[in-house]
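See below for the structure under consideration.
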Protein chains: 2
Amino acid sequence: MDANDRPHANLAGVDTRPLRQQIADALQAAILSGEIKPGEALIETEIAGRLGVSRAPVREALQLLANSGLVETVPYRGTTVRQLSADDVEEVYSMRTVLETFALRRAMARDARATARALRDICDVMGQHAGSGDWSRVSAEDERFHRQLIGMAEHRLLGHAWRDLNMRVRQIMALRNLQNEDTMTIVYNHLPIVDAIEDGDVETAVQRLADHIATAADLVTELAEEAVAVAPGDDVGGPPER
Amino acid sequence: MDANDRPHANLAGVDTRPLRQQIADALQAAILSGEIKPGEALIETEIAGRLGVSRAPVREALQLLANSGLVETVPYRGTTVRQLSADDVEEVYSMRTVLETFALRRAMARDARATARALRDICDVMGQHAGSGDWSRVSAEDERFHRQLIGMAEHRLLGHAWRDLNMRVRQIMALRNLQNEDTMTIVYNHLPIVDAIEDGDVETAVQRLADHIATAADLVTELAEEAVAVAPGDDVGGPPER
DNA sequence: GCCATGTCGATTGTCGACAATCTGCATCGT
DNA sequence: ACGATGCAGATTGTCGACAATCGACATGGC
């Protein structure tokens with residue numbers, strides 16, 4: 001989103017970014033697409049060999065991913081894709097509610113009209129994609145809605161925290177695979193929020209936003225329970241000592 | 001705090017932790033003590049030479065610090081200690097309010113009694129140190145109060161976010177140098193919060209906590225304006241292009 | 001004089017090799 | 001049989017050297 005905002009820094013996109021960034025992006029995409037599954041080990045040597053680079057940038061890329069919480073690194077034992085326990089999902093969504101309602105209050109205090117306008121535009125686009133049944137684009141617009149909301153708060157710290165959190169959200173959603181009808185119910189929750197914002201009714205807007213996120217969380221946790229029944233995690237706390 | 005919680009892993013503290021961690025701790029201490037000032041450049045070669053290690057762990061340590069927001073790294077241009085604009089201070093304290101009020105609600109929902117008990121104990125210790133005029137210990141107990149509050153929420157994501165934020169708070173406080181009377185006013189704000197928690201009055205407790213943090217923020221921003229008048233930052237957005 | 005270009009020193013980015021540590025299995029003594 | 005000890009093998013941690021990039025100054029053409 002902020003990669004090529006320089007006028008024409010490179011004619012054909014030679015990708016002059018540091019390798020660690022490119023590697024981190026590649027790994028992140030692989031994790032979010034489910035190509036690399038939770039619990040799986042990310043071995044530096046292997047990744048470096050596969051990408052044809054040295055281990056140094058791979059290590060730094062892994063550290064990047066560790067910060068955003070996608071992977072977990074234990075000294076001398078390696079890094080693995082984070083497992084998602086039910087508690088994790090609850091934490092992610094409760095935190096998301098906190099951050100986004102804060103953003104909403106702040107954005108409305110700053111300029112409720114502008115906030116409503118920007119969000120309504122996104123809702124329009126989302127509605128179009130929903131009409132033509134393009135669910136991946138609907139989902140993309142949904143994310144853009146929330147990202148825009150955060151952006152309107154003009155709070156860099158908040159923006160940074162949300163970006164990390166959003167990655168976890170995407171990881172969670174990648175593991176579920178929502179049905180179309182499911183996202184359907186979420187899509188039409190956006191407009192009432194915008195309406196409340198436009199009316200300047202902070203508390204109603206906050207309440208609706210919180211409900212909206214809670215609905216998404218419920219949907220995801222339901223699917224999680226089904227998934228757990230099929231594919232048990234190794235997080236069950238078995239007795240094997242040391 | 002969680003370094004030597006293993007029974008007796010090492011007899012005499014050989015410090016078997018990865019170098020990056022030790023380096024990061026050392027740098028962090030240097031930054032928080034004011035030994036390294038905001039805006040100052042952290043040159044990998046120099047740090048490595050001074051500590052007698054290679055650049056690799058130094059780079060990783062710097063990345064660690066960049067995550068917690070203490071330093072800022074620009075590709076190919078180096079890492080510098082973050083400057084603290086007035087906006088930064090506002091962001092840190094507003095975010096802190098959000099996180100801690102969330103923690104308070106959650107802790108009270110979990111077990112208000114236990115929360116009140118734990119916090120009151122800390123207040124007692126804080127009172128003792130205040131009585132004997134040991135202000136550095138008072139400040140340490142103040143931090144422990146808030147850390148405990150976060151801990152009672154039983155929310156790892158929240159705990160992680162707060163830990164990073166707390167580092168920023170400490171950086172801010174390190175640059176001010178509060179007077180004793182100033183901390184004084186803050187110390188006696190803790191007990192009313194605990195009282196409200198014990199009564200199970202969530203909204204009052206939240207309000208008092210928010211006020212408490214706001215008071216601390218005001219105190220700090222006042223001192224900030226004085227400091228700015230003396231030492232101007234280079235963040236003023238001068239016209240020099242490219 | 002002014003802008004484009006070339007060069008230089010400093011610093012970061014990347015690489016390949018070596019050392020330290022962990023896990024699991026075999027070995028040994030009892 | 002059982003637990004402690006001591007190897008491998010694999011993987012991460014650290015190192016020193018080389019390459020790429022940046023900012024600033026000097027140089028040259030207009």
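The structure presented is a predicted model; accordingly, all values stated were derived computationally and were not measured. Every chain is numbered from 1, with letters handed out A, B, ... down the list of sequences.
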Is there a side-chain contact between B/Arg20 and the phosphate of D/dG13, meaning an N or O under 4.0 Å from OP1 or OP2? yes

Check step by step if salt bridge (charged side-chain N to carboxylate O under 4.0 Å, His left out) holds for B/Glu154 and B/Arg106. CA-CA 8 Å; B/Glu154 303 264 341; B/Arg106 197 174 164 103; over 6 Å; no

On DNA chain D, check which nucleotide each of A/Ala56 and A/Thr79 is closest to and give me the residue with the more 5' one. A/Thr79

Earlier contact from the 5' end, DNA chain C, for A/Pro75 and B/Val74: B/Val74

Could you walk me through whether B/Glu100 and B/His146 pass the side-chain hydrogen bond (donor to acceptor under 3.5 Å, both in side chains) test, one step at a time? CA-CA 8 Å; B/Glu100 295 201 14; B/His146 294 277; 2.6 Å; yes

Taking atom types as modelled and ignoring hydrogens, do the side chains of B/Asp88 and B/Ser85 form a donor-acceptor contact shorter than 3.5 angstrom? yes

Touch check for A/Leu42, heavy atoms < 4.0 angstrom, all strands: base, sugar-phosphate only, or nothing? sugar-phosphate

Given atom CD1 of A/Ile43 and atom P of C/dC22, what is their separation to the nearest angstrom? 18 Å

Given D/dT21, C/dT21, C/dT14, the nucleotide with the shortest approach to the side chain of B/Tyr76: D/dT21

Using a cut-off of less than 4.0 Å, is there contact between a side-chain N or O of A/Arg55 and OP1 or OP2 of D/dT12? no

Would you mind reading off the distance between A/Glu40 atom CD and D/dT11 atom P, rounded to a whole angstrom? 13 Å

Length of the line joining A/Ile23:CD1 and C/dG13:P, which is rounded to integer Å: 13 Å

How long is the line joining CG of A/Leu51 and P of C/dG16, in whole Å? 14 Å

Could you give the CZ-to-P distance, from A/Arg17 to C/dT14, as a whole number of Å? 12 Å

In whole Å, I'd like the distance from the CZ atom of B/Arg59 to the C1' atom of D/dT14. 14 Å

Spell out, as yes or no, whether a donor-acceptor pair under 3.5 Å connects the side chain of A/Glu91 to the backbone of B/Leu157. yes

What's the CD-P distance between A/Glu44 and C/dT21, to the nearest Å? 16 Å

Does B/Arg77 contact C/dG13 through a side-chain donor or acceptor facing the base, at a distance under 3.5 Å? no

Grab the CD-P distance between A/Glu72 and D/dT12 for me, whole Å please. 15 Å

Give the nucleotide from the list D/dC15, D/dT12, C/dT14 with an atom nearest to the side chain of A/Thr45. D/dT12

Rounded distance (nearest 0.5 Å) linking atom CE of B/Met126 with atom NE2 of B/His129: 10.0 Å

